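FYI, the numbering just counts along the sequence from 1. What you see is a predicted model, and the numbers here were worked out from it, not measured in a lab.
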Amino acid sequence: MARIIFLTDFSEAYARGLLLGIARYAHDTGQAWSLCRLPLSIRDKFGIEAVIDWAQRMRADAVIGQFYNTDNVELFARNGIIAVAQDFKTRFTTIPNITGPHYRAGQMGAEYFLKKGFRHFAFYGTRGIVWSDERYQGFRETIRQANPEFTFSALRNTSQTDLWLYDPIQLTTWLQSLPKPVAIMACDDNQAYHITEACLHAEGGGGGNFRIPDDIAVLGVDNDETICRLSDPNLSSLNQNIEQGGYDVARLIDRIIRDPEAEREDVMVFPTHIVTRQSTDIYANNDPHIAEVLKYIHENISQKISVDNLVSLVPLSRRLLETRFKRSMGTSIYDYIIQVRIEKMTQLLCEGMSVSEAAVELGFSDIKNVSRSFKQLKGITPSEYRQQVIQAKF
């Protein structure tokens, strides 16, 4: 029986997701694991030595925790305890990390907003924290590569112990300065919630254009259901395969317990798809007719959509609509529809559908054409993509 101490913030869905994954691994392998939840206040008040002392008294095999880069994590190994760092502020080089491709998460946020037709973008996060910094880089660089004329702004506060703290006056002033409509990606759901709070208070107090999503569209990361639904309006968020991360870290710990010389690699938590709620439920474009067309495409992506369908929505000829769409979105209407369908297909594959089921759901009639288009956009076939998803889960 493995004894695991979990040193983390249990108010966050990320920590609870990891715990669920660990419990699932124990169940799948027929093991009776003991999971002890240790509050962060133990470390903050008495230091990392107190955590080690507690682990020894519990006869723990491993500690998974949010460690500061100043914590002497080598003490765990000296006392025969496996240590794994939950992605907190920095990655460690001497112990495994539960981390992820955060740059890719930023890219996904940017691609999501670009498809909605935005021209003004911003990022809100914390400087000096690896997952915030890398999401910022991925978001910013994807926007700049898309069109150098798009505007970009960022508010990144200095890293601090209490990440829930923020300056509402500074945030409000920054939001007021942004050109509208603006698409803002926050480094996580907590920071995204700060934005919706600031907008709500400013609007109620006559603070100006702070309507969500009309003036400010907000996207978080982690898809924490409690935070996302507590927000007014509800927050859209980038979902991550957190429970699978917990499963993988349990598998790593089990392997090291059985073979202390086993390789101690990082555990990766992958972003999967974006869950759209009210905070980004808009298609922004300076051309209202193109905005109307974008809205229709995204809301009816599972149906057969023709250019004639779209022409009937707006007072434009087919040729004029195609010309204005290409100028506005940088691609043809047909190619844009294919791109949106392929992105939707990746989401369905992540959710467990087979390739044929996903194709039928999205109105594709020819699997070969689907595979060809999918590979052009993703670099691999949908079957290969689905296999990667399955391998990541098991």
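The closest donor-acceptor contact from the side chain of S317 to the backbone of L320 lies under 3.5 Å. With hydrogens and angles disregarded, no donor-acceptor distance shorter than 3.5 Å links the side chain of R3 to the backbone of A62. Panel note: side chain T196, backbone Y193; a donor-acceptor pair is recorded below 3.5 Å. Judged by distance alone, with hydrogens and angles left aside, the side-chain atoms of T346 form a donor-acceptor pair with the main-chain N or O of E343 at under 3.5 Å.
Between F152 and F139, the angle of the ring planes lies from 30° to 60°, which puts this pair in the tilted group.
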* Output, in order, the C-alpha distance, side-chain angles, deciding distance and verdict of salt bridge (charged side-chain N to carboxylate O under 4.0 Å, His left out) for E149 and R144. => CA-CA 8 Å; E149 295 183 0; R144 288 181 173 174; over 6 Å; no
* Take F67 and F76 through the ring pair (Phe, Tyr, Trp, His ring centres under 6.0 Å) test and state the conclusion after the steps. => CA-CA 12 Å; F67 303 124; F76 287 104; 5.4 Å; yes
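In terms of the salt bridge (Lys or Arg N to Asp or Glu O under 4.0 Å) criterion, R372 has no residue partners (sequence neighbours excluded). Applying the ring-ring contact (aromatic ring centres under 6.0 Å, His included) test to F150 and every residue at least two apart in sequence or in another chain returns F121. Every residue two or more places apart in sequence or in another chain was checked for a side chain to side chain donor-acceptor pair (under 3.5 Å) with N69, and none qualifies. Annotation: ring-ring contact (aromatic ring centres under 6.0 Å, His included) contacts of Y14 (sequence neighbours excluded): none. Listed by chain and residue number, nothing satisfies the salt bridge (Lys or Arg N to Asp or Glu O under 4.0 Å) test with R264 (two or more places apart in sequence, or in another chain). In this structure E261 satisfies the salt bridge (Lys or Arg N to Asp or Glu O under 4.0 Å) test with no other residue, sequence neighbours excluded. Residues meeting the salt bridge (Lys or Arg N to Asp or Glu O under 4.0 Å) test with R318, sequence neighbours left out: D308, E322.
Atom NZ of K378 is surrounded by more than 12 heavy atoms from other residues, nucleotides or ligands within 6.0 Å. For R57, the CZ atom counts as densely surrounded, since its 6.0 Å shell holds more than 12 non-hydrogen atoms of other residues, nucleotides or ligands.
Among residue pairs with one or both ends in residues 319-345, those qualifying as ring-ring contact (aromatic ring centres under 6.0 Å, His included) are H298-Y336, F325-Y336; sequence neighbours excluded. Applying the salt bridge (Lys or Arg N to Asp or Glu O under 4.0 Å) test to residues at least two apart or on different chains, none of the pairs has a partner in residues 9-20. Residue pairs meeting the ring-ring contact (aromatic ring centres under 6.0 Å, His included) criterion with at least one partner in residues 342-361, sequence neighbours excluded, do not occur; the list is empty. Residue pairs satisfying the salt bridge (Lys or Arg N to Asp or Glu O under 4.0 Å) criterion with at least one member in residues 222-239, sequence neighbours excluded, are listed as follows: E225-R229, E225-R277.
The residue from R135, E134, E141, Q137 that alone fulfils the side-chain hydrogen bond (donor to acceptor under 3.5 Å, both in side chains) condition with Y103 is E141.
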Identify each donor-acceptor pair in which a side-chain atom of residues 32-41 lies under 3.5 Å from a protein atom, sequence neighbours left out, and give them as a table.
unit_1	atom_1	unit_2	atom_2	d
W33	NE1	Q31	OE1	2.8

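Aromatic rings of Y68 and F88 (six-membered ring for Trp) have centroids within the 6.0 Å cut-off, being under it.
Placement of F270 and M108 in two distinct hydrophobic clusters is found when ILVMFWY residues are connected by side-chain heavy-atom separations under 4.5 Å, directly or transitively.
Ionic pairing of D259 and R255 is not present here: no N-O contact between side-chain nitrogen and carboxylate oxygen is shorter than 4.0 angstrom. Salt-bridge check for D248 with R251: passed, with a basic side-chain N closer than 4.0 Å to an acidic carboxylate O. With respect to R127 and D133, no salt bridge is recorded, no charged nitrogen being found less than 4.0 Å from a carboxylate O.
Nearest heavy atom pair, residue G245 against residue V269, reads CA-CG2, 3.9 Å.
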